[in-house]
Amino acid sequence: MPLKIYNSLTRQKEIFEPINAPYVGMYVCGPTVSGESHLGHARPFITFDVVFRYLLHKGYKVRYVRNITDAGHFEEEGKVAEDKIATKAILEKLEPMELVQKYTQLYHWAMDQFNNLPPSIEPTATGHIVEQIEMIKKIIADGYGYEANGSVYFDVVKYNDVYSKKNQPYGILSGRNLEEQLDTTRELENQEEKKNKVDFALWKKAPAEHIMRWQSPWGEGFPGWHIECSAMATKYLGKKFDIHGGGMDLQFPHHECEIAQSTVCNHELPARYWMHNNMITINGRKMGKSYNNVIKLSELFTGNHPELTQAYAPMTVRFFILQSQYRGTLDFSNEALQASEKALKRLMEGYEWLKAQSFVGEAKAKDEALDLQLNKWIGELTEFMDDDINTAKVVANIFEIIPVINSLKDKHITQDAVATSTWNHVQSQLVVFIESILGLKVEAGANLEQLKGVIDLLIEIRKESKANKDFATSDKIRNQLMNMGIQLKDEKDGSMSYTFS
RNA sequence: GGUCCUGUGGCCGAGUGGCUAGGCAGAGCUCUGCAAAAGCUCCCACAGCGGUUCGAAUCCGCUCGGGACCUCCA
């Protein structure tokens with residue numbers, strides 16, 4: 001069964017065919033590390049982590065490149081605008097690379113919390129200034145870039161004129177029409193250097209107070225926002241690669257500009273499939289810095305934010321994101337996160353139990369309908385992933401299976417209701433989908449083994465007191481543990497199990 | 001203003017021209033010393049108004065509502 005993904009470039013689902021199978025090149029726009037990542041940032045990184053995992057599962061050899069934007073205009077978060085002018089104060093207090101280091105580490109920590117696999121290559125903009133300058137030189141040499149006042153701009157109008165004839169007009173990705181852009185774009189400052197207001201910067205001259213600056217053929221400055229992705233994608237994935245991903249808000253202008261730059265340099269569209277995840281909203285509005293409505297990841301994990309009624313574990317957040325399809329908006333609320341938290345708990349408990357079972361023998365199914373149904377649900381998991389990475393449907397199907405697992409656990413059904421081979425199939429496939437593809441895991445605490453030993457001891461005492469009808473003691477053990485967030489459960493067979501809440 | 005997306009049950013969210021996703025919450029039942037967990041059952045929604053169709057939440061039009069982007073901004 002082929003994998004189909006929605007290609008923003010063609011606005012339809014297409015069968016995914018790598019340029020050089022089994023190799024797949026995927027580039028995803030990473031974070032700007034001038035501040036801490038927030039919930040909205042988590043979505044693309046989790047979404048494309050699942051894409052990465054699924055491609056690996058499919059047997060592709062994937063090179064996943066996700067950049068770190070650490071060049072550009074930097075200011076410490078929370079500082080008022082005047083600080084920018086106070087050059088001396090900034091120089092004394094703020095070393096850009098110190099900021100970059102801090103937020104890069106924080107970002108890596110968050111990615112790890114989410115159980116995101118590290119990308120194959122994580123290039124930084126500052127580490128590729130040379131490549132960017134070379135690319136700009138090439139664009140100028142080809143007549144699509146021009147220098148003005150120490151800055152270099154891309155000539156969008158010329159590009160559009162020439163490439164429209166090749167059916168690759170500027171706006172090919174976002175469906176924009178350049179003439180309309182010229183008519184409707186609002187007035188902005190510092191536009192007088194440009195030939196046309198639609199032109200974008202390839203290189204910016206650094207003002208005196210700007211602290212991140214590099215030497216270039218056009219003087220001291222810093223690269224334009226878009227060029228780093230073009231330069232690094234070309235360097236590590238080649239002139240044409242398979243997938244380019246990122247948030248929908250980057251489609252225009254960022255990805256459009258990338259296409260223009262790369263096309264001029266490499267004479268072909270850079271990526272075949274463009275994938276864009278939708279936004280996370282809060283109260284119906286995009287979560288973003290400009291709306292001042294972000295919840296940072298550290299705040300989310302600690303519950304330390306006015307909008308939050310509690311802390312949410314990274315896995316809860318991951319699961320919350322995977323419960324929707326990546327192309328739809330996803331609305332944040334405490335209610336929704338709490339629903340995900342409970343759902344994930346139920347899912348993982350059922351799953352963990354099944355995983356610990358061993359099914360031996362060659363028994364045939366007594367309940368053929370159930371057997372068939374289980375196989376169908378499992379089989380559909382692949383279909384759903386193949387249909388544009390529909391994790392929402394995958395999760396839904398897993399929830400069809402969970403009650404069957406719990407029924408076996410609670411002996412509402414017997415093991416021979418379903419063929420041994422089916423149980424083994426369900427077991428192995430759930431490991432693949434839940435752990436390898438969705439990337440979900442049980443959060444394990446420290447010193448877990450000792451803690452388990454202590455709990456087992458308490459369980460033993462509780463069993464004894466129950467046997468002696470000493471319910472005061474048995475209840476005390478259960479209730480006190482409950483207060484500490486450890487929930488004891490009496491099982492049907494007289495044993496006791498527990499979960500950490 | 002321009003371009004585009006969208007409106008699903010209390011909440012979050014899938015989805016297809018006809019076969020009522022799933023989760024959470026709520027109700028009942030079973031199990032059980034009690035509790036929790038679990039299982040079973042119930043809660044049959046698709047903004048409004050027209051149209052196409054044997055049949056539309058799913059296609060078309062209009063109305064109302066929400067949102068995204070519109071180039072130096074990370």
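The chains referred to below are lettered A, B, ... by the order of the sequence lines, with proteins before strands, and numbering in each begins at 1.
- A donor-acceptor pair shorter than 3.5 Å cannot be found between the side chains of Asp331(A) and Thr329(A).
- At the phosphate of rA35(B), neither OP1 nor OP2 sits under 4.0 Å from any side-chain N or O atom of Arg462(A).
- Across all strands shown, rU3(B) is found opposite rA68(B) as a Watson-Crick or G-U wobble partner, with both distances under 3.5 Å.
- In this model, the phosphate group of rA68(B) is approached by a side-chain N or O of Arg285(A) to a distance below 4.0 Å at OP1 or OP2.
- The nearest heavy atom of RNA chain B to Ala339(A) and to Lys393(A) marks one nucleotide each, and the one closer to the 5' end goes with Lys393(A).
- Note on Tyr291(A): a side-chain N or O is less than 4.0 Å away from OP1 or OP2 of rA68(B).
- Judged purely by distance below 3.5 Å, without hydrogens or angles, the side chains of Asn334(A) and Tyr312(A) pair a donor atom with an acceptor atom.
- Remark: C1' of rA37(B) and CG of Asp490(A) are 10 Å apart, rounded to the nearest angstrom.
- Using a 3.5 Å distance cut-off with no hydrogens or angles, the side chains of Glu341(A) and Gln310(A) do pair a donor with an acceptor.
- rA47(B) is paired with rU63(B) under the Watson-Crick or G-U wobble criterion, all donor-acceptor distances under 3.5 Å.
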Trace of the ring-ring contact (aromatic ring centres under 6.0 Å, His included) decision for Tyr159(A) with Phe154(A): CA-CA 9 Å; Tyr159(A) 173 83; Phe154(A) 188 93; 5.6 Å; yes
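- Among the atoms of the strands shown, none is found under 4.0 Å from any heavy atom of Lys469(A).
- Gln325(A) has its CD atom 11 Å from the P atom of rU16(B), to the nearest Å.
- Of the P atoms belonging to rU71(B) and rG65(B), the separation is 26 Å, rounded to the nearest Å.
- Counting to the nearest Å, the C1' atom of rG22(B) and the NZ atom of Lys342(A) are 17 Å from each other.
- rA25(B) is unpaired under the criterion used here, namely a Watson-Crick or G-U wobble arrangement in which both key atom distances are under 3.5 Å.
- Within the 4.0 Å cut-off from OP1 or OP2 of rC69(B), at least one side-chain nitrogen or oxygen of Lys286(A) is found.
- Phosphate contact (OP1/OP2 of rA14(B), side-chain N/O of Tyr326(A), threshold under 4.0 Å): absent.
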Going by atom type alone, with no hydrogens or angles, which donor-acceptor pairs under 3.5 Å involve a side-chain atom of residues 399-414 of chain A and a protein atom two or more places apart or on another chain?
| unit_1 | atom_1 | unit_2 | atom_2 | d |
| --- | --- | --- | --- | --- |
| Ser407(A) | OG | Pro403(A) | O | 2.8 |
| Thr414(A) | OG1 | Asp416(A) | OD1 | 2.6 |

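- For the OP1/OP2 pair of rG15(B) and a distance below 4.0 Å, the side-chain nitrogens and oxygens of Asn390(A) include at least one atom meeting the criterion.
- At the heavy-atom level, His226(A) lies under 4.0 Å from base atoms of the strands shown.
- Using atom C1' as the reference point in both rU63(B) and rA68(B), the two lie 22 Å apart (nearest Å).
- If you measure from atom NZ of Lys466(A) to atom P of rA35(B), you get 12 Å, rounded to the nearest angstrom.
- Of the two residues near RNA chain B, Ser407(A) and Gly175(A), the one whose nearest nucleotide lies more 5' is Gly175(A).
- Between Arg346(A) and rC24(B) there is a side-chain polar atom (N or O) within less than 4.0 angstrom of OP1 or OP2.
- Here Ser497(A) lies out of heavy-atom contact (under 4.0 Å) with every strand.
- Stacking between Phe399(A) and rG23(B) is absent: the ring centroid is not both under 5.5 Å from the six-membered base ring centre and under 30° in plane angle.
- To the nearest 0.5 Å, the span separating CZ on Arg213(A) from NZ on Lys205(A) amounts to 9.5 Å.
- In this structure, Gly284(A) reaches the sugar-phosphate backbone alone: every heavy-atom distance under 4.0 Å involves primed, P, OP1 or OP2 atoms, never a base.
- Between the side chain of Arg478(A) and the base of rC34(B), a donor-acceptor pair under 3.5 Å is found.
- Between Leu488(A) atom CG and rA35(B) atom P there is a gap of 16 Å when expressed in whole angstrom units.
- Ring-plane geometry between Tyr146(A) and Tyr153(A) is classed as tilted, the angle between the planes lying from 30 to 60 degrees on a 0 to 90 degree scale.
- Within 4.0 Å of Gln338(A), counting heavy atoms only, lies no atom of the nucleic acid at all.
- No engagement by Asn479(A) is indicated, since no non-hydrogen atom pair under 4.0 Å with the nucleic acid exists.
- Atom C1' of nucleotide rC29(B) and atom NE2 of His412(A) are separated by 12 Å, given to the nearest angstrom.
- One interatomic measurement links the two molecules: CD of Gln487(A) to C1' of rA35(B), which rounds to 10 Å at whole-angstrom precision.
- The distance between atom CG of Asn278(A) and atom P of rC4(B), rounded to the nearest whole Å, is 17 Å.
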